[in-house]
Amino acid sequence: MSGAPAVRRPYYRRMGRWWQRDPFFRRYMWREATALAVLAYALVLTLGIVCLALGEAAWQVWLAALRSPASLALHAALLAAMVLHTKTWFEIMPKTMPMIFVGERRLAATTITRCGWAAAAIATLALLALAAGWRP
Amino acid sequence: MPEPARAAARSITLEVLRYRPEIEAAPVWQSYVVPFSEDLSVLQALQHVKDELDGSLSFRWSCRMAICGSCGMMIDGRPRLACQTFLRELLPGPVRLEALAHWPIQRDLVIDASGFIAGLERIKPYLIPRQPRPLAAGEYRQSPHELELFEPYSACINCLLCYAACPQFGLDPGFTGPGLLALLHRYNADSRDGGRAQRMAAVNAEHGVWSCTAVGYCSEVCPKAVDPAHAVNQNKVNSAIDYLRHLLAPRGAPP
Amino acid sequence: MSSGTSPPARSHAPIFWLLFGAGGMLSALFGPALVFITGIAAPLGIVIPHDLLSYPRVLALSQHWAGKSLLFVIVALFAWHAAHRLLHSLHDLGLRIGPATRLLCYGSASLLTLVSAAGLLALGF
Ligand code: SF4
Ligand code: FES
């Protein structure tokens, strides 16, 4: 060996805006941001419950607020975020569940995701039907 | 890449993040132009640089066939094995090469993986028999189903690509991380093993599975389809069960 | 990767993770429809009957034990799901998770849980 003696001085890189590094990370951050919508909707419902408990006049105020353009725009955004939440929740679900076997064969990740999406579609239709006045 | 352009590529530029602690305070980019051919891997391009252009460039390699796990690096921003990535996938270049993300850079493309080596000891990555078993008892027998429960996780080559894909490890180097947790699960999920109780403390810790937010990129970049994200997240279920059991039977009742 | 000889302390994350998971599942299944019904269809008077959110109907729903529990479970689990995910998001954005960030996230969820529970109990049976 020749030359200068080896220097060990490990260099630590910063994380900075790490989510901009890779499109995968950007999608992850959008997925996590859907929690803001879930929280906002929980808040909307809590306010509704409080208004309901305060009596009919307060309830009408809550309903009027829901009819405002600002609220409609907010709920359109919340709906988009909720749909993204549904999509991504079932996309990651195969990773969060133990291996499932049907007979000898292991259930494929895509099958689990599709079952989740199907369940969400059925739940959505059922809820809409119930709200529209249909009774089983 | 359209065919004519590919045929026309006679050379390709590598941009390498260099760090020589005795020369630079912080890493700097350096370009090398290497001859292009269809069957050249990134590792071979680096070897060309070292042999013909600049002998001071440092990088790790051994097997050249995606099995030793030593040539992992960031290739155009994504953690990949240099021996398994071909220049033809990266046309027209320049190809940006950087040491694996989230690890301290020792020199050039070489990382300091001593934290991983220390972690290996903690997770007891070996079969711990339920009870002593004499050789005369013969081999263990496993059904195909029992094999399937751990086989994917036994394919890990310790390449650390998954760590470079894990922002939680980047944000908090104390996190045990995908590779080690997958290896831990490989033994916990093995029907011959009885060491699960000894490994649960490492799983249950904040720096065990609970730093994971299921980003899932680790499983995308793994060159051996180990699916570390699945291993980690299955162990959230196991850890939650362990937690509730501990809550109900705090006096260390047998599991 | 921390080293040391004594085993690392057990995390209490399982409690919050179980709530996160339950709320995540509930909102993934019913969230879009709920937001659409209460936030878009009812105010615009489309798809669903006009009196769906009328005072007497919603009052009746919230005074029935089943309706009451349903509303409570939805609000509380949505809140705890969001709180846990947002806590990790703060960490993702580079903040250190400590008592302050925990209080902010889990505190908000506790607040929504308590207020909705109080409101629903005040509505009587
Ligand atoms: S789990 Fe995959 S990516 Fe991670 S160290 Fe093992 S082989 Fe490499
Ligand atoms: S040189 Fe062995 S994995 Fe690439």
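Protein chains get the first letters and strands the later ones, always in sequence-line order, with residue 1 at the start of each.
The parts of B:Val215 that come within reach of chain A are both its backbone and its side chain, each placing non-hydrogen atoms under 4.5 angstrom from that chain. Proximity to chain A (any heavy atom under 4.5 Å) is restricted, for B:Ser219, to the side chain, taken from C-beta onward. Residue B:Ala231 does not touch chain A at all, counting heavy-atom pairs closer than 4.5 Å. A:Met97 touches chain B through its backbone: at least one of N, CA, C or O sits under 4.5 Å from a heavy atom, while the side chain does not. Only the side chain of A:Arg31 comes within contact range of chain B, judged by heavy atoms closer than 4.5 Å. Residue B:Tyr217 touches chain A through both its backbone and its side chain, counting heavy-atom pairs closer than 4.5 Å. Of the atoms belonging to B:Pro152, it is side-chain heavy atoms, and not backbone ones, that fall under 4.5 Å from chain A. Of the atoms belonging to B:Ala189, not a single heavy atom falls under 4.5 Å from chain A. Both the backbone and the side chain of A:Arg9 come within less than 4.5 Å of a heavy atom of chain B. Of the atoms belonging to B:Glu220, it is side-chain heavy atoms, and not backbone ones, that fall under 4.5 Å from chain A.
Among residues 68-94 of chain A, the residues having any heavy atom closer than 4.5 Å to a heavy atom of chain B are, in sequence order, A:Ile92, A:Pro94.
Across every non-hydrogen atom of A:Phe25 and B:Pro167, the tightest pair is CE2-CD, 3.8 Å. What you find for B:Leu149 and A:Met99 is that their closest heavy atoms are O-CE, 3.7 Å. Closest heavy-atom contact between B:Gly170 and A:Met15: O-CG, 3.5 Å. Taking each heavy atom of B:Asn233 and A:Thr96 in turn, the nearest pair found is CB-CA, 3.7 Å. The minimum heavy-atom distance between B:Gln106 and A:Pro10, with the atom names listed, is OE1-CG, 4.0 Å.
For the pair A:Glu104/B:His145, no side-chain contact is recorded, criterion being any heavy-atom separation below 4.5 Å from C-beta on. Using a 4.5 Å heavy-atom cutoff, the side chains of A:Arg8 and B:Arg107 are not in contact. Residues B:Glu148 and A:Phe101 meet the side-chain proximity criterion, which asks for heavy atoms closer than 4.5 Å. Under the 4.5 Å side-chain criterion, counting only non-hydrogen atoms from C-beta, B:Val232 is not in contact with A:Lys95.
In terms of heavy-atom pairs under 4.5 Å with chain B, the best-connected choice from A:Tyr12, A:Phe24, A:Tyr28 is A:Phe24. By number of non-hydrogen pairs under 4.5 angstrom with chain A, the leading residue of B:Pro144, B:Pro27, B:Ala25 is B:Pro27. No other option in B:Thr213, B:Asn238, B:Val237, B:Asn235 has as many heavy-atom pairs under 4.5 Å with chain A as B:Thr213. Note on B:Val110, B:Asp227, B:Asp112: by heavy-atom pairs under 4.5 Å with chain A, the leading option is B:Asp227. Put simply, of B:Arg78, B:Glu24, B:His102, the one with the most heavy-atom pairs under 4.5 Å next to chain A is B:His102.
Atom CH2 of B:Trp29 sits in a crowded spot, with more than 12 heavy atoms from other residues, nucleotides or ligands closer than 6.0 Å. Counted within 6.0 Å of CD on B:Glu121, heavy atoms from surrounding residues, nucleotides or ligands total 12 or fewer; the atom is thus considered open.
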